[in-house]
**Q** 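Input: one structure, supplied below.
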Amino acid sequence: MTALLERLSGVPGVDRGSVERLLDTAGGDGWDVAIPLHRFAAAAKRPPNELAAELAASLPDTPGVARRFAVGAYVNFEADPAWLAERTLAIVGARGTSYGGGGAAGPEVCVEHTSANPNAPFHIGRVRNALIGDTLARILRAAGQTVTTQYYVDDIGRQSAMVTWIWTQPKEAWPPEILATLEGADEREERPDHYLGRPYPAVSAYVKTHPEAAASLAELCERLERGEAPEAHRRFCEAILGGMLASLARVSVTFDEFVWESSLLHDGSVDRVVARLRGAPHSVTEANGALAIDTTVYGLPKEDARAVFVRGNGTTLYPTRDVAYHLQKFGRFPRVIDVLGQDHLLHAKTLEALLNEIGEARRPEFVLYQYITVPGGGRMSTRKGTVVWLDTLLDEATDRARAEVRARHPELSEGEAETIALAIAAGAVRYHIVRIAADKSVAFQWEEALSFEGRSGPFVQYAYARASSLLRKALDDGVAIPTSPSGADLTTPAERDLVRVLARLPRVVASAARTKHVHTVAGYAHDLAESFNRFYQTTPVLKAEAGRDSRLALVAGVRQALGNTLDLLGLVRLERM
RNA sequence: GGGCGCGUCGCACAGCUUGGACCAGUGCCCCGGAUUCCUAAUCCGGUUGACGUGGGUUCAAAUCCCACCGCGCCCGCCA
């Protein structure tokens, strides 16, 4: 390949990068790499077919390349399968759990994701943020970067204030329509996010039509901002947040740090942002005393071209506080990534404008995702009864997985079966959401989300379990797993294909880390599992008449890669299922 | 009205960043097969496509550009 590069480098208009990119072309019939020469031929003012034939004939032999030949305007290379198998398995064996990752460390990065208001349980729409963010963090870590994940807890805004507002009133004083939301609920049986979150939608609707309630809520908001929150407020926030985090823990999502919005008010950093925005180039004062930035020059799609950063009553807004939060992040991390829903796009643009206004040159990188909608279309709504709670989905998935595990493995203890069922349920849900590109909206469908077959998390987990069982059996039989196979044994179509997919993992991880497209890793996981299943189905290993050791080594390598891929996706490795 | 995103078999997705073996790949569904043998949550075979529409650039377009159509979200002194 190097020789090819050198030959082409003599051609005017050809740069090394454009040749290297072509090397990722997928393998086809009889070839592993195909280089189209049209563009080089054009630069050299030669017919492409002629150039291809000449190069194919004149390139020096390269280790690992079994054959090269010209077809039309393409030069094709066929890898030596034995060489590829030995080399790939040697690398997998040497890298172990870090196979697929590595690379340059890069700057320390902060990934902020989820940051859902502590006012209600997670529904599966909200959880998309957490799963994209958590998976991205895993991929970046695997790629060699130092990652800190942060959850920004909004304990200042109206959402969390509504919870405190209603719960600090005696129940006798609750409006009937709000009280009704507690019907049939038992505080001792429901987690705090579910129980305390019950009245929220009703409260939200109520204050829209009852001015005195709205005024009372506004007063509470002001108190929160002044640092005069009722003692119970933090308790409610923590209780609900705790419940929400318990949901996320079921799908293996955890956080390194939590940043409470109130802390930015109390340490004066929000005040400093306000002071800097006051003196900003496009700062304006509105009639009622509110402070804003005239965003005309930024072309934001806002009708009045105003980004208000202090209300008429002197309190601040979410964008103002978010500037303070980002300055804090910039102070600690050279690189900052925010995972945001599509509805926050304008906020992201506003944030950039505000940062520009205070002369801050650094910017966060945004990962935007589209919503998960309900089958009939539209967002999930508690009032319309179209909400699917993460916990409900996981419970149902666990029930189904449990039944399947018990049917397959009656010998397992209840505890073992439960552990496996939980892992399968979580795997199905995680995979189902993260397999789709972030910029696609998803119409949620129960049966799809609960599928354990085909392109699913359990499919990948199953392939891993099969590989594990096979190796376990080998060890039980006293067969050692060899570390260096003979590639010459691994030449059936199923083996060659499996080796090729196995060898692809490092490129997949590097690409996913660069583009922040986490779904590509899910796609790869399926490809590898599928390729392994095909091999498994068609190729005897333990009972192989010849080449058993090499096949065992291949299985060990694939198991390693499958396991690493499961880690990247946050799916539990199961040794049996 | 303005901004952003999406539009690929019946359904759900991949491929688009970096045009090239894509006369387009995967899963589900449907039909037919495979288990004396390492887990059948598997595998094999079959059926299914105007890549939203129209134009442009190019030797070459699902991929890049323009327009239009459809869908989603946003355009708050909410977050």
Side-chain angles (χ1 to χ4, degrees), chain A residues 17-18 21-22 24-26 28-29 31 34-39 41-42 48 71-74 76 115 117 154 156-160 221 286 288-292 299-304 306 308-313 315-319 321-322 341-347 349 368-371 373 377-379 401 404-405 408-409 424 435-437 439-443 445 447-448 451-456 458-459 461-463 465-467 469-474 477 511 514-515 517 519-520 522-523 526-527 529-530 533-534 536-544 551 555 576-577:
Chain A
S18 64
R21 275 198 293 276
L22 292 170
D24 265 340
T25 312
D29 210 15
W31 50 269
I35 311 289
L37 293 176
H38 310 83
R39 74 178 71 170
V71 175
Y74 297 82
N76 296 342
S115 300
N117 291 323
D154 179 6
I156 294 297
R158 273 169 63 91
Q159 263 90 333
S160 67
C221 286
E286 304 290 341
N288 67 349
L291 304 176
L300 300 184
K302 290 168 84 78
E303 278 169 10
D304 59 359
R306 287 284 189 279
V308 175
F309 62 91
V310 175
R311 293 189 186 90
N313 68 7
T315 56
T316 60
L317 289 92
Y318 159 61
R321 292 173 236 132
D322 210 23
Q342 58 170 343
D343 56 334
H344 279 60
L345 178 67
L346 178 57
H347 169 68
K349 299 280 183 206
L368 292 164
Y369 64 92
Q370 305 288 313
Y371 273 110
T373 59
R379 292 168 70 170
E404 192 70 31
V405 173
R408 287 161 183 264
H409 302 287
I424 291 170
R435 72 187 177 130
I436 294 167
D439 53 16
K440 290 260 214 188
S441 58
V442 183
Q445 293 178 77
E447 288 309 314
E448 289 284 318
S451 172
F452 299 157
E453 298 172 1
R455 224 176 50 181
S456 71
F459 180 92
Q461 291 172 307
Y462 182 60
R466 278 179 137 183
S469 294
L470 198 159
L471 294 172
R472 193 170 52 237
K473 190 149 179 90
D477 295 348
S511 164
R514 183 172 51 82
T515 61
H517 289 169
H519 71 282
T520 56
H526 176 262
D527 288 349
E530 184 181 49
N533 279 331
R534 203 179 345 259
Y536 184 93
Q537 198 84 20
T538 57
T539 318
V541 177
L542 295 177
K543 296 186 170 62
R551 285 178 180 166
V555 172
R576 57 167 61 83
M577 66 181 270

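The chains referred to below are lettered A, B, ... by the order of the sequence lines, with proteins before strands, and numbering in each begins at 1. Nothing here was measured: the structure is a model prediction, and the numbers come from that model. Only heavy atoms go into these numbers, but all of them, side chains included; no hydrogens, no water, no symmetry mates.
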**Q** Which part of the nucleic acid, if any, lies within contact of A:Tyr318, taking any heavy atom under 4.0 Å across all strands shown: a base, the sugar-phosphate backbone alone, or nothing?
**A** base

**Q** Could you tell me how far B:C9 sits from B:A24 if I compare only their C1' atoms? Round to whole Å.
**A** 11 Å

**Q** Just checking, any donor-acceptor pair under 3.5 angstrom between side chains of A:Tyr462 and A:Asn533?
**A** no

**Q** Picking from B:G76, B:A14, B:C43, which would you name as closest to the side chain of A:Glu303?
**A** B:G76

**Q** Measuring only between side-chain heavy atoms, which start at C-beta, is A:His519 closer than 4.5 Å to A:Lys440?
**A** no

**Q** Please give the distance between the P atoms of B:G10 and B:G5 as a whole number of Å.
**A** 28 Å

**Q** At under 4.0 Å, does any side-chain N or O of A:Arg472 touch on OP1 or OP2 of B:U39?
**A** no

**Q** For A:Thr539, report the nucleic acid contact type (base, sugar-phosphate, nothing); a contact means any heavy atom under 4.0 Å.
**A** base

**Q** Start with the C-alpha gap between A:Ser469 and A:Arg466, add the side-chain angles, then the distance that decides, and say whether side-chain hydrogen bond (donor to acceptor under 3.5 Å, both in side chains) holds.
**A** CA-CA 5 Å; A:Ser469 294; A:Arg466 278 179 137 183; over 6 Å; no

**Q** OP1 or OP2 of B:A14 less than 4.0 angstrom from a side-chain nitrogen or oxygen of A:Lys440, does that happen here?
**A** yes

**Q** Of A:Gln342 and A:Ser441, whose nearest nucleotide on RNA chain B comes first from the 5' end?
**A** A:Ser441

**Q** Using atom C1' of each nucleotide, how far apart are B:G52 and B:A62 to the nearest Å?
**A** 12 Å

**Q** Base, sugar-phosphate, or nothing: which does A:Ile436 touch, judged by heavy atoms less than 4.0 Å apart?
**A** sugar-phosphate

**Q** What nucleotide, of B:U42, B:U18, B:G7, holds the atom closest to the side chain of A:Tyr462?
**A** B:U42

**Q** Any donor-acceptor pair under 3.5 Å linking the side chain of A:Thr515 with the backbone of A:Ser511?
**A** yes

**Q** Using atom P in both nucleotides, what's the gap between B:C22 and B:C66 to the nearest angstrom?
**A** 29 Å

**Q** If you check the A:Pro301 side chain, which of B:G2, B:C77, B:U39 turns out closest?
**A** B:G2

**Q** Considering non-hydrogen atoms only, spot the tightest contact between A:Ala465 and A:Met577 and give its length.
**A** CB-CG, 3.8 Å

**Q** What's A:Val71 touching, base or sugar-phosphate or nothing? Going by heavy atoms closer than 4.0 Å.
**A** base

**Q** Quick one: A:Tyr371 OH to B:G5 P, roughly how many Å, whole number?
**A** 17 Å

**Q** Rounded to the Å, how far apart are A:Gln370 CD and B:G7 C1'?
**A** 12 Å

**Q** For A:Val442 and for A:Arg534, find the nucleotide of RNA chain B with the closest heavy atom, then tell me which residue's nucleotide is more 5'.
**A** A:Val442

**Q** Taking C-beta and beyond as the side chain, do A:Asp322 and A:His347 meet within less than 4.5 Å on heavy atoms?
**A** yes

**Q** When all nucleic acid strands are considered with a 4.0 Å heavy-atom cut-off, which category describes A:Ala292: base, sugar-phosphate, or nothing?
**A** nothing

**Q** Check the pair A:Arg435 / A:His526 against side-chain contact (heavy atoms from CB on, under 4.5 Å), numbers first and verdict last.
**A** CA-CA 10 Å; A:Arg435 72 187 177 130; A:His526 176 262; over 6 Å; no

**Q** According to a 3.5 Å limit on both distances, what stems of 3 or more consecutive Watson-Crick or G-U pairs are formed with RNA chain B?
**A** B:1-7 with B:69-75, B:10-13 with B:25-28, B:30-34 with B:42-46, B:52-56 with B:64-68

**Q** Could you check whether any side-chain heavy atom of A:Lys349 comes within less than 4.5 Å of a side-chain heavy atom of A:Lys302, counting everything from C-beta outward?
**A** no

**Q** Of the nucleotides B:U18, B:U42, B:G5, which one has an atom closest to the side chain of A:Asp439?
**A** B:G5

**Q** What nucleotide among B:A40, B:C43, B:C59 has an atom nearest to a side-chain atom of A:Asn533?
**A** B:C43

**Q** Report the residues that fulfil side chain to side chain contact (heavy atoms under 4.5 Å, CB included) with A:Val308, sequence neighbours left out, ordered by chain and then residue number.
**A** A:Ala290, A:Ala292, A:Leu317

**Q** Under 4.0 Å, counting only non-hydrogen atoms across every strand here, what does A:Tyr536 touch: a base, just sugar-phosphate, or nothing?
**A** base

**Q** A:His519 on top of B:A14's base, within under 5.5 Å and under 30°?
**A** no

**Q** When you compare B:A60 with B:A67, how far apart are their C1' atoms, in angstrom units rounded to a whole number?
**A** 24 Å

**Q** Considering only atom C1', compute the distance from B:C11 to B:C30 and round it to an integer number of Å.
**A** 12 Å

**Q** Please state how far atom CG in A:Asp343 lies from atom P in B:G5, giving the value in whole angstrom units.
**A** 16 Å

**Q** Using a heavy-atom cut-off of 4.0 Å across all strands, would you classify A:Leu368 as base, sugar-phosphate, or nothing?
**A** nothing

**Q** Under 4.0 Å between a side-chain N/O of A:Arg306 and OP1 or OP2 of B:C77, yes or no?
**A** no

**Q** On a whole-Å scale, what distance lies between the C1' atoms belonging to B:C65 and B:U17?
**A** 16 Å

**Q** Side chains of A:Arg551 and A:Pro540, heavy atoms from C-beta outward: is any pair under 4.5 Å?
**A** yes

**Q** Do the non-hydrogen side-chain atoms of A:Arg306 and A:Glu286 ever get within less than 4.5 Å of each other?
**A** yes

**Q** Output the single nucleotide from B:G76, B:C38, B:U17 whose closest atom is nearest the side chain of A:Lys543.
**A** B:C38

**Q** Report which part of the nucleic acid A:Gly523 touches: base, sugar-phosphate, or nothing (heavy-atom distance under 4.0 Å, all strands).
**A** nothing

**Q** What contact category does A:Leu317 fall into here, base, sugar-phosphate, or nothing, at under 4.0 angstrom with non-hydrogen atoms?
**A** sugar-phosphate

**Q** For the side chain of A:Thr373 and the backbone of A:Val442, is there at least one donor-acceptor N/O pair under 3.5 Å apart?
**A** yes

**Q** Going 5' to 3' along nucleotides 26-36 of chain B, which nucleotides have protein heavy atoms under 4.0 Å from the base (write B), which only from the sugar-phosphate (write S), and which from neither (write -)?
**A** BSS-----B--

**Q** What is the distance, to the nearest angstrom, from the CG atom on A:Leu346 to the P atom on B:G72?
**A** 20 Å

**Q** Give me the distance, rounded to whole Å, that separates B:U39 from B:G45 when you measure between the P atoms they each carry.
**A** 24 Å

**Q** Take atom CD of A:Glu404 and atom P of B:U39, then tell me their distance rounded to the nearest Å.
**A** 16 Å

**Q** Any N or O donor-acceptor pair linking the side chain of A:Asn313 to the base of B:C77 at under 3.5 Å?
**A** no

